[in-house]
Structure formats: C-alpha cells, structure tokens
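The structure appears below as structure tokens.
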There are 2 protein chains.
Amino acid sequence: MRGEDDRVSVSPGERSVRKRRARGSISADEILHGAYELASAESLDSLSMPRLAQRLDVGVTSIYWYFRSKEELLDVMTERALAEFDQAINVPVDLAWDEYLTTYFTAYRDVLRDNSLWCDLIVMRGSALSPEALRVAKQRVDVVVDILTKAGFATDDALRAHAVLSVYARGAILHYRQWDSPDSPVRIDAEFPDQIDPFSVTADEAFAFGLQNAIRGLRALLAQSAKR
Amino acid sequence: MRGEDDRVSVSPGERSVRKRRARGSISADEILHGAYELASAESLDSLSMPRLAQRLDVGVTSIYWYFRSKEELLDVMTERALAEFDQAINVPVDLAWDEYLTTYFTAYRDVLRDNSLWCDLIVMRGSALSPEALRVAKQRVDVVVDILTKAGFATDDALRAHAVLSVYARGAILHYRQWDSPDSPVRIDAEFPDQIDPFSVTADEAFAFGLQNAIRGLRALLAQSAKR
DNA sequence: ACCTGAACACCGTTCAAGT
DNA sequence: ACCTGAACACCGTTCAAGT
C-alpha cells in the first residue's frame, strides 16, 4: 500500500498556499496533456477533475473555462488516443488480402489489449468524434476495403468484412478485459470434471481461430462470387 | 423534464419522519428485488445506494448488513440477469448445426441488445460468478458443443466456435451501444462524398453477414477435416 | 478575459451507537 | 442480531466573485 500517498492531503505545516495564477498561464493543451498523463500513469477511472487540477497546480474550476465538462475533456482525450492508436498500427500494404487482414486485426487487438487507456477511451467509451477524427477513421477503412476489392470482393462485402472483423476484435478485447486479463476481477475456481471447461480456450488461441475462420468464410465467399 | 422529481427532496412540512424498522423487516432478497426493479425502471447507472435505500424505505447503511458493498450487490443482480437471460433464449435443439448457430446467436444478440439492464450487467460488467451461475453457463455451452460434435466437428473446434461466436455477438452489442443505439451519444453528421461511408452498413445487416460468414468458415473447416 | 474558492447535490462506505 | 444517523472522503458542476 506504499505509493498510495498521492491523496489530496496537505502536510499540516504548509496549508494549501498556492498563489493565484496569471491570466494566460493555463491552456487547453496543457490540461489535455496533464489529463492524458494522469490517466496514462494510473487509469482512466482515477482521473477526476480535482486530482487533475491538483496535478496541474490549478483551481479545479479553472478547467471548466477550457472544457465545458469532463465528458468534453474525455472526448478530446479520445481524439488523441485514436490518432496514436492509428500510428501504432502500421501494416505493409503489399500483403495478400488474407495475410493483410490477419496482420491488421491481430495488431488491432494486441495494441488495444495492451494499452488500457486507449482501450478505455476507444473501445469501452462511445464518444463523439470530430470531423477530423472521422476522416482518419474512414481513411483506415478505405485502405482495407481497397485491398479487398482489388482481390475481387464486391465493395459492399469488403465494407461488411471490415465491420465484422473490427467488431470481432473489439469483442475479443472486451472478453479479455473481463476474463483473461491478469488483473481481471473474475476468478474461476470451481471444477466440474464431468463437463468440458468452456473457458479452457485461451484468449489468443480463440482469437486466432475466429480470425482464420472468418477469413476462410471470406475465401469461400470469394470463390462463390467468382464462379458466377 | 417532467418526471425528474423523484430526487431525495422532502416536502418542507413533513421532515423525513421514517420510523425505525423492526428487526426482521428487511431481507437480502427484498434488497435485491428493489435494486433490480430500480435499475430496470431507470438504468443501472442511476442505481445508487441512497436511492435504493429510499425506495425500500430503509436506512442507507442497513443495506450494508446484507451486502458487503455495491459491487457484491451488483454481482448478485448479475446472477439473476444471467438466469433470466438464459431462459429468454430457447432454441429448438433439433435444428441442423448451422441453423442452430444462426438462431442461437441471433437471439443472443437481440435479447442483450434490447434489454439494457441485462446488457449492462452481463456484457459490460465483468463480475465474479457463483459456482451455480458457472454451472448454468457451462451447460449452455455444452448444448452448442454437443450439436457441433454430432455434426462432425472436433471437440476443440466446437468449443472454439462457440467462444468465437459469443465474442462476436458481444462485440456487436458493444458496437450497437456506441453507434447504432437510438440513444447513442455518437452522432455522425460530417459527409465526405468522395469516400465510402464505412458506417452505412447497418448493425443488423453487418451482424447477419458476419454470422453467416463465420458459419461458412466452419462449413469449410468441416469439409477439410472430413477429407482427411 | 481568465482564474478562483465556496457551495451544492450527489456518491460509496465506515463507525459508533441504538434497540 | 439487526437497523440507524452522523460523518468521512470523495465526485462533477455552478456561481458569484476576484484580478
């Protein structure tokens, strides 16, 4: 329990004696940066307006000059997370379509599984995206769709394939959070030897199986439509 | 904004004059029932210990005699939700394996999509399951696995197929919550006519496509292993 | 225009009582 | 054994000031 000392506590001698800050001494960027750092170092759950203000050495209410609400602050944090996430996944575009999908969505899952802040902001939270963030998201989709259509898929099928695989990847992340994460609250200890343990499938195995299965399905779809 | 009046407000004349309740007048069941009703009528978010106590006409702290924490209360609520959810899905077992999977997982998604309390408790929240709840869950899986193995799948593949489809369904629900729900916070208004709109795929279409695609993949897998 | 403390209406939880 | 109010340590947000 050491290290839990960063509460709001003020040592008895020096009573909260922060000087009033100058007029231009805070900025939206600075607040965003501080919030992101705090959530990064601890967790999104532990990001609160008072804790953030304390960290920035600012009055709590000052934050509200730059962000109408915590919600709005989180929205902007999500934009940053999305941009960083976007950069974290880079897949060579010269792969065959099935290899591309495998690489892309495996990275998609791994990255979000291993960065809990990105996961909290992007996967768990539905936030209002700015036109700019929307543009980036659409561009990503376009790359995948492009590769699939060039491989012979109809545009609609390519779009749906992307939607399906990203939904699947996010589902896998959600599942991981709840069952397979090292700090998951869920513990399974009961044993019923006469029944098959449906949780014996580890997350990695299961994810890879599902991804390959979906790609097998797409391959069959491609073969079907090629025949006609 | 009418109907927002069920705050903790007490009319000025009659100051909170609740009589002290008798010794055996509360029970864990009663609390669970009240909590479930409150969350059902409003939302899980709006379930708080003070609001629940008020509804049950009980001192807030009395709840803590029966439940160590709100977390524990939510765990028990989840058990109830799981049991009800289990009953809400009944699929005839005499279907062909692919029809069975389609029916089962479509129902799985529809039911959780349309009951936000079940969704909050079962999908969004990772909770510690009792041995009993675990038994029920495993039994469900067993039925699916049984049908698949009888159709010729290896036990491991059957297990993985189940895991994959339930992960996919939960991913679809998560996606629905964030993008397609009528009361979703996310609004897309920006238009880029030169790009394909990756969100034009409605949730229902996309889900059905993914489900059928996965089944197509499984069919191909079955054909492969039958050859050997 | 920007920064602030006090105040408000909430939380979940503990603790020392009451009966 | 069971029920309780007061109290604690937090939240997010508003408002009427200060500079």
Taking NZ, NE, NH1 and NH2 as the nitrogens, is one of them in B:D204 or B:R109 under 4.0 Å from a carboxylate oxygen of the other? yes
Rounded to whole Å, how long is the line connecting atom CD of B:Q54 with atom P of C:dA9? 15 Å
Can you classify the ring geometry of A:Y104 versus A:Y108 as parallel (below 30°), tilted (30 to 60°) or perpendicular (above 60°)? tilted
Hey, is the side chain of B:Y66 poking within less than 4.0 Å of OP1 or OP2 on D:dC3, counting only N and O atoms? yes
Judged by atom type as modelled, is there a donor-acceptor pair below 3.5 Å linking the side chain of A:Q178 to the main-chain atoms of B:V123? yes
Could you state the CG-C1' distance from B:L56 to D:dC2, rounded to the nearest angstrom? 16 Å
Nucleotide D:dG12, atom C1' - distance to CG of A:D75 in whole Å: 16 Å
Whole-Å distance, B:R21 CZ to D:dG5 P, equals 12 Å
So, does B:R18 use its side chain to make a donor-acceptor pair with the main chain of B:D57 at under 3.5 Å? yes
Hey, what's the ring geometry for A:W118 with A:F85, parallel, tilted or perpendicular (30° and 60° as the breaks)? perpendicular
For DNA chain C, the dot-bracket notation using Watson-Crick and G-U wobble pairs below 3.5 Å, [ ] for pseudoknot-type crossings and | for other-strand pairs, is ||.|||||...|||||.||
A correct 5'-to-3' footprint of nucleotides 13-19 of chain D, with B, S and - meaning base, sugar-phosphate only and no protein heavy atom under 4.0 Å, is BBB--B-
To the nearest angstrom, the CG-P distance between A:D45 and C:dC11 comes to 18 Å
If you look at every strand shown and take non-hydrogen atoms under 4.0 Å, does A:S48 touch a base, only sugar-phosphate, or nothing? sugar-phosphate
Please report the distance, rounded to the nearest Å, between CD1 in B:I31 and P in C:dG12. 14 Å
Do B:R68 and B:D75 sit within salt-bridge range, that is, some charged N less than 4.0 Å from a carboxylate O? no
From the list A:F207, A:F105, A:F209, ring-ring contact (aromatic ring centres under 6.0 Å, His included) partner of A:Y168 resolves to A:F207
Would you mind reading off the distance between A:L52 atom CG and C:dT4 atom C1', rounded to a whole angstrom? 16 Å
Taking the side chain as everything from C-beta on, heavy atoms only, tell me whether A:L159 gets closer than 4.5 Å to A:H162. no
Hey, is B:R177 close enough to B:D120 for a salt bridge, meaning N to O under 4.0 Å? yes
Nearest whole Å is fine: how far is C:dC11 C1' from B:I63 CD1? 13 Å
